[in-house]
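As the structure lists them, so they are numbered: ligands from 1, and atoms in each ligand from 1. Just so it is clear, the model here is predicted, and its values are computed rather than measured.
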Amino acid sequence: MEMATQEKDSRERFAPLKMSPDEFRALGHRLVDKIAEFLAGLPERPVLPGESPVTVRAAPGGDGLPGSGSDPGLLLEEAASLLIDHSTFNGHPRFAGYITSSAAPIGAFGDLLAAAINPNVGAWTLSPMATEIELQTVRWIAELMGYPTSCGGLLVSGGNMANFVGFLAARRAKAGWDVRAAGMAGNPGGPLRAYASAETHTWLQKVADLFGVGTDSLRWIPTDAHLRMDTAALRDAIRADAEAGDRPFLVIGTAGSVSTGAIDPLPELAAICREHDLWFHVDGAYGGFAAVLPDAPPDLLGLREADSVAVDPHKWLYAPLEAGCTLVRDPRALLDAFSYHPPYYHLDTSDDAPVNFYEYGPQNSRGFRALKVWLALRQAGREGYASMIAEDIALARSLHRHVAACPGLEPRTQDLSITTFRYVPPDLEPGDPVVDEYLNRLNTELLTRLQERGEAYVSNAVIDGAFLLRACVVNFRTTEADMAALPGIIVRIGEEVDAELRPRERVKES
Ligand SMILES: *Cc1c(COP(=O)(O)O)cnc(C)c1O
């Protein structure tokens, strides 16, 4: 008897994080019910609660680390309530701020399943099926955009990291010295030079800073009237730097700029890179997936010629955060930039060798980000994505038309699914410096108030010194009715702010 009891005890361990299968099932059902209810009621909620940081900070309770444990069912209820009551909902039909998409519900299931199995997608042996699914996801992403499916690639946390990976592959391939061993100090010649338009996202400053290349190495090429890189200026800059003994190594084209959706002339950038033997990287974090459209602009399709492309499944593939992806034309360029073979990893050099993702990027242990992307790609298919992306663009264009037809609103740019505009009181004439400065202040305050109230959510862009409102539709819940409602909401707040600000501002009326 005693022996048997001891044996049983030695096989059972109490651990405070254990959960019985029955408990897991019951809690899971309750949570899923709560999420389903939340999704059903989303359009009726404000886009955000409009609370101060102090209020939000106080909500979870300010006590110290719990000394002892709590009931997991109560915790899940509480966490769900905290998040549902105090979040900004990028999945709300009237959320059109920044480039943050509505998340596909199947992606939430993907993340749950990935966390339950918990494969470590750093090494094949720790994640055989997950690694193969990630490889297939990378090939499908390439196929979706018409990029060669023989490319290498991997999932990363987002657009910034995806661009970092491309930049580091470029530096390794084109530096001309062993930059991985000798570092930047090993440069035997003039400084490395990377070229990008002035509209490029700030990932470029970060990568140049973080990896020692330095932001002074960056050449910011001016843009034309459509905010696209001026290729004549690019050619001049490359020539001047080469003549001065510097080392041009990389040209970055943007496929959908973060502020207006402008697309650089990518085919011409590709040609310039071939002429000068430079690495051609495309930042397609926002617009890359629009290459799936049958009527995609030819300039965008130039991304197919790039040495590397960064895209962001958590933008136009509607994956829940986080999911970025880098594609590199020659998979060996990733190995060259990132691979080490520490003695504690067994290296297989056979033809059908397993892929170990730790060798293809900066991470070692890796989560299974690819699953949510893979599931959504299968649920929607190429046609599903083409129609969702096309409809987002059509809605942004429709907003542009509503704005143009609305007295008091001045339409500005329209590219991909971004529309910019501003509120101009009908009795004011832009062009006069005093009026222009007032319009900037007026629209800044208008945006603050719009964002606080939560009726709808847009963000801003600054173009030629003008503060503009900016709507970006990457949201499969947004409808024509939401676009039609936006001008009225904005004019109403604009009139209110104008009435408050103008008497004190003493702007000349025209
Ligand atoms: C969003 C974006 C980035 C950064 O991507 P994250 O996912 O936010 O890291 C970079 N470039 C462009 C053009 C973007 O739109």
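The atoms of ligand 1 that sit less than 4.0 Å from any heavy atom of D312 are 5 (O), 6 (P), 7 (O). Distances below 4.0 Å separate heavy atoms of G256 from the following atoms of ligand 1: 13 (C). Residue-ligand proximity, I99 to ligand 1, at heavy-atom distances under 4.0 Å covers atoms 15 (O). Close approach of ligand 1 to Y286 (heavy-atom distance below 4.0 Å) involves ligand atoms 15 (O). With ligand atoms numbered from 1 in the order given, ligand 1 contributes 2 (C), 3 (C), 10 (C), 11 (N), 12 (C), 14 (C) to contacts under 4.0 Å with heavy atoms of A285. Here is the list of ligand 1 atoms found below 4.0 Å of a heavy atom in G158: 7 (O), 9 (O).
Side-chain atoms of Y286 and T254 include no donor-acceptor pair closer than 3.5 Å. Between the side chains of D224 and H226, no donor-acceptor pair is found at a separation under 3.5 Å.
Checking N160, L204, V311 against atom 4 (C) of ligand 1, the nearest heavy atom belongs to N160.
Every N/O-N/O distance between S257 and ligand 1 stays at or above 3.5 Å. For the pair G159 and ligand 1, the shortest N or O to N or O distance falls below 3.5 Å.
Relative orientation of the F167 and W203 rings is perpendicular, given thresholds of 30° and 60° on the angle between their planes.
Atom 10 (C) of ligand 1 has its closest protein heavy atom at H201 CG, 3.3 Å.
No salt bridge links E445 with R441; every basic N to acidic carboxylate O contact stays at or beyond 4.0 Å. Between K206 and D209 there is no salt bridge, since no side-chain N of the basic residue sits under 4.0 Å from a carboxylate O of the acidic one. The residues R228 and D415 are annotated as not salt-bridged, no charged nitrogen and carboxylate oxygen being separated by less than 4.0 angstrom.
N475 contributes atom CG, which lies 13.5 Å from atom CD1 of I99 (distance to the nearest 0.5 angstrom).
Ligand 1 has at least one atom lying under 4.0 Å from a heavy atom of H314. Residue contacts with ligand 1: K315 is included, with a non-hydrogen atom under 4.0 Å away. Ligand 1 lies nowhere less than 4.0 angstrom from a heavy atom belonging to G324.
Between Y385 and F289, the ring center distance fails the sub-6.0 Å criterion.
Contacts of D283 with ligand 1, taken as heavy-atom pairs under 4.0 Å, involve the side chain alone.
When atom types are taken as modelled, the side chain of R94 and the backbone of P43 share no donor-acceptor pair closer than 3.5 angstrom.
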